[in-house]
Amino acid sequence: MQHMNTTASDTAARPNADDAEIAKFQALAARWWDPNSEFQPLHRINPLRLEWIDRLAGGLAGKTAIDVGCGGGILAEAMARKGATVTGIDLADKPLKVAELHGLESGVAVRYEKVAAEAIAEREPGAYDVVTCMEMLEHVPDPASTVAACARLAKPGGRVFVSTLNRNPKSFLFAIVGAEYVLNLLPRGTHEYAKFIRPSELISAARRAGLEQDTMIGMTYNPLTREYRLVEGDVSVNYLVAFSRPA
Ligand code: SAH
């Protein structure tokens with residue numbers, strides 16, 4: 001994938017963002033915390049990924065964390081509830097406003113900011129024990145640049161957690177045809193197949209950014225039981241990778 005091959009980050013002038021992608025999330029922002037909305041999948045997978053991150057990070061309590069592409073703050077808030085000091089960043093301002101309001105209502109403090117990953121990495125390099133970037137890379141023009149920014153944000157010895165969608169015939173069938181056209185789990189046009197990222201591509205971009213892979217796990221959805229699960233060994237559609245920045 002040519003889009004994984006660059007690591008340019010001339011973000012001040014031209015942020016690594018696709019306006020059409022940002023516009024999709026702007027338009028839906030008001031429904032972010034409605035568990036029966038387009039964001040239901042994010043609500044349903046949140047406990048799974050939260051526990052996985054918490055365990056691999058050796059406990060989020062007392063850690064500094066940054067959630068890159070945080071949207072309405074589903075994961076950011078959950079990490080703060082676990083006792084982390086959390087920053088959430090995104091380039092869509094409406095989801096960020098929703099996140100801020102939700103935090104006020106729930107009494108969970110998260111610092112939210114509209115800033116590109118590359119820009120905050122330049123400002124706050126090595127500041128975070130935990131960096132998360134979930135369900136976001138497949139919406140970005142240059143995911144390798146985002147991965148490099150995540151690596152830079154992590155403290156030496158810190159952890160970087162990334163989730164995205166694999167690219168193969170099965171993921172096309174499940175993540176696009178199944179989720180958007182058959183089961184109506186997501187609005188049509190949410191995902192673009194060409195932007196899906198193979199684990200090998202993600203891992204080599206992370207290596208080039210100085211990260212080491214710790215572990216990888218798949219996530220599956222069973223339409224009959226309507227259950228999401230983390231599964232060892234099946235990364236064919238949704239998957240999560242944990243990386244470390246060497247100390
Ligand atoms: N990470 C959150 C939200 C996923 S939805 C979660 O998993 O719960 C994808 C998010 O990525 C949206 O909030 C969208 O605005 C954001 N996004 C898309 N392109 C981006 C970019 N180039 N820079 C920062 N955020 C981006």
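Numbering of ligands and ligand atoms starts at 1, following listing order.
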Engineer: Please say whether Asn16 places an N or O atom under 3.5 Å from an N or O atom belonging to ligand 1.
Structural biologist: yes

Engineer: Is the contact between Cys133 and ligand 1 made by the side chain, the backbone, both, or neither, using heavy atoms and a 4.0 Å cut-off?
Structural biologist: neither

Engineer: How does Leu75 reach ligand 1, by side chain, by backbone, by both or by neither, if only non-hydrogen atoms under 4.0 Å count?
Structural biologist: neither

Engineer: Can you check which of Lys114, Lys24, Met136, Glu118 brings a heavy atom nearest to atom 26 (C) of ligand 1?
Structural biologist: Met136

Engineer: Using a strict cut-off of less than 4.0 Å between a Lys/Arg side-chain nitrogen and an Asp/Glu carboxylate oxygen, indicate whether Arg123 and Glu113 qualify as a salt bridge.
Structural biologist: yes

Engineer: Taking 4.0 Å as the limit for heavy-atom contacts, which would you say applies to Pro95 with ligand 1: side chain only, backbone only, both, or neither?
Structural biologist: neither

Engineer: With the threshold set at 4.0 Å, does a side-chain nitrogen-carboxylate oxygen contact exist between Arg111 and Glu124?
Structural biologist: yes

Engineer: Using a 4.0 Å heavy-atom cut-off, which part of Arg49 comes near ligand 1: side chain, backbone, both, or neither?
Structural biologist: side chain

Engineer: Atom 23 (N) of ligand 1: which of Thr190, Leu91, Val98, Thr132 has the nearest heavy atom?
Structural biologist: Leu91

Engineer: Is a donor from one side chain sitting under 3.5 angstrom from an acceptor on the other, for Thr164 and Glu138?
Structural biologist: yes

Engineer: Would you say the side chains of Glu118 and Ser145 form a donor-acceptor pair under 3.5 Å?
Structural biologist: yes

Engineer: So, Glu100 and Lys97, do they make that salt bridge, N to O below 4.0 Å?
Structural biologist: no

Engineer: In ligand 1, which numbered atoms sit nearer than 4.0 Å to a non-hydrogen atom of Met134?
Structural biologist: 1 (N), 2 (C), 4 (C), 7 (O)

Engineer: Could you tell me how the ring of Trp52 sits relative to the ring of Phe161: parallel (under 30°), tilted (30 to 60°) or perpendicular (over 60°)?
Structural biologist: perpendicular

Engineer: Do Asn16 and Thr146 pair up side chain to side chain, a donor and an acceptor below 3.5 Å, judged on atom types alone?
Structural biologist: yes

Engineer: Would you say Asp93 and Gln26 are linked by a side-chain donor-acceptor pair, where the criterion is simply a distance under 3.5 Å?
Structural biologist: yes

Engineer: Less than 3.5 Å between some nitrogen or oxygen of Asp90 and one of ligand 1, yes or no?
Structural biologist: yes

Engineer: Heavy-atom contacts with Gly71 under 4.0 Å: which atoms of ligand 1 show up? List them by number with element.
Structural biologist: 13 (O)

Engineer: With no hydrogens and no angle check, do the side chains of Ser236 and Asn166 hold a donor and an acceptor under 3.5 Å apart?
Structural biologist: no

Engineer: Could you work out, for atom 9 (C) of ligand 1, the closest of Glu135, Gln26, Lys94 by heavy-atom distance?
Structural biologist: Glu135

Engineer: Nearest protein heavy atom to atom 10 (C) of ligand 1, by residue and atom, and its distance?
Structural biologist: Gly69 O, 3.7 Å

Engineer: Which residue and atom name correspond to the protein heavy atom nearest atom 5 (S) of ligand 1, and how close is it?
Structural biologist: Phe25 CE2, 3.5 Å

Engineer: I need the nearest protein heavy-atom contact for atom 19 (N) of ligand 1: residue, atom name and distance, please.
Structural biologist: Ile22 CD1, 3.6 Å

Engineer: Under 4.0 Å from a heavy atom of Ala17: which atoms of ligand 1 are those, numbered in the order shown and with their elements?
Structural biologist: 22 (N)

Engineer: Could you state the interatomic distance from CZ (Arg49) to CG (Leu230), rounded to the nearest 0.5 Å?
Structural biologist: 10.5 Å

Engineer: Please could you name the atoms of ligand 1 that Ala92 approaches to less than 4.0 Å, counting only its heavy atoms?
Structural biologist: 15 (O)

Engineer: Aromatic rings Trp32 and Phe25: how do their planes relate, parallel, tilted or perpendicular, breaks at 30° and 60°?
Structural biologist: tilted

Engineer: Side chain, backbone, both or neither: which applies to Phe39 and ligand 1 if a contact is any heavy-atom pair less than 4.0 Å apart?
Structural biologist: neither

